[in-house]
Amino acid sequence: MPRRISIRQSVMAADEKIANRLRRDLKDRGILMVNLIGSPGAGKTTLLESTLAGTDLRSAVIEGDIATSRDAERIARTGTQAVQINTHGGCHLEAHLVEKALEELALDKVDIVFIENVGNLVCPAEFDLGEDYKVAVCSLPEGPDKPLKYPHLFCEAGAVLLTKIDLNKHIPFDRELFWGDVSRLNPNAKKIEISATAGDGMQEWKALLSRWLGEKR
Amino acid sequence: MHELSLVKSIIDLLADHAEKNGWHRVSRVTLRIGRMRQVIPDVMKFSFSVAAEGTALEGAELEIIELPLAGRCRACGYAWEEELFSCPKCGSSDSEITHGMELDIDSVEVEDQDAPKDKHSPICNGGR
């Protein structure tokens, strides 16, 4: 006869354990880790390139993609150390992958580790990588209806960045709808409009990173 | 598409329990999954049936209890069970999600190890 046994355990227990361990280790070393999440083509790598250029903060980057090391190569050209994780079909990064990537980085002189997650608004929101903050990156051409269509990411995000705002001269965008929905989902998220190529909002974004780093130390 | 990696975690976790506790076979697994987890039950069940092959969970039935989104207003205390992210009563967006983020293994049904069929099996062959 089968017997019923109560388990009451989180499905993510194993990975959450790794994530919490990473967060503790990085806290001890005074390193901030930020997990960038957005659609393919939202401008995550371009945002990183602009962030890394002309900043005093010493950074390292973990790039997550299904295939190719193109993003890591782009980051390496800025003079920043970068590790590429290829998920081979996987639609998101997981903590054990980040743990391995961190081992490959020289972290002695690093202030911030950026993780660029696999381009996807759904699955990456589900997985704790040991980061201090998830950051939702949504570009203006994607349209203003995304926050309510993909609520989990926007609920979890410490900051929401609206990128490519320089394209607003060609593409209409209902800002009130977008930011209104973001505020309803997550009134505490920091909201920044950015053009990584023209420079708008970059100071505010870098100031936010400095503040987060200061709070961690 | 994150269902497959969730299923792998479930199987790893329960296979570990099975080994430690000597479960012969798991016949049923019950999960509690909140709406916000964006899990598609049919995809989950299919992934489970494939990934469980060759483990103590092979052939087990996967039951998913879906939990609706529920929230509570931090400003006025009103509680609701709808997909709302701001308070329908006072309009404040300072709300918290009280249900809908669950992703738990609730329980399993197991069959214990069969008694050894071979009476000469070396349960104790010491002293030779």
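Here is the naming used below: chain letters follow the sequence lines, and residue numbers restart at 1 for every chain. For clarity, every value in this text was computed on a predicted model and none was experimentally measured.
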key: Contact class of A:Ser10 relative to chain B, heavy atoms under 4.5 angstrom   =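 Both parts, backbone and side chain.
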message = Applying side-chain hydrogen bond (donor to acceptor under 3.5 Å, both in side chains) to A:His152 and A:Glu126, what does each step give before you reach the verdict?
response = CA-CA 8 Å; A:His152 192 179; A:Glu126 305 288 330; 2.9 Å; yes
message = Would the distance check show the side chain of B:Glu19 and the main-chain N or O of B:Ala15 forming a donor-acceptor pair, the cut-off being under 3.5 Å?
response =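 Checked: no pair found.
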Using heavy-atom distances under 4.5 Å, tell me whether [X] contacts chain A through its side chain, its backbone, both, or neither.
X	result
B:Leu13	side chain
B:Ile97	side chain
B:Leu14	side chain

request  = Apply the side-chain contact (heavy atoms from CB on, under 4.5 Å) test between A:Phe173 and each candidate in A:Pro144, A:Pro141, A:Ser139; give the one that qualifies.
outcome  = A:Pro144
task = Mind listing the closest non-hydrogen atom pair of A:Glu63 and A:Thr45 along with its distance?
result = OE2-CG2, 4.3 Å
Closest non-hydrogen atom pair, A:Glu142 against A:Asp145 =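 Nearest pair, atom of A:Glu142 first, then A:Asp145: O-OD1, 4.2 Å.
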Chain B contacts, top residue of A:Asn188, A:Asn186, A:Leu185 (heavy-atom pairs, under 4.5 Å) =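 Among A:Asn188, A:Asn186, A:Leu185, the one with the most close pairs to chain B is A:Leu185.
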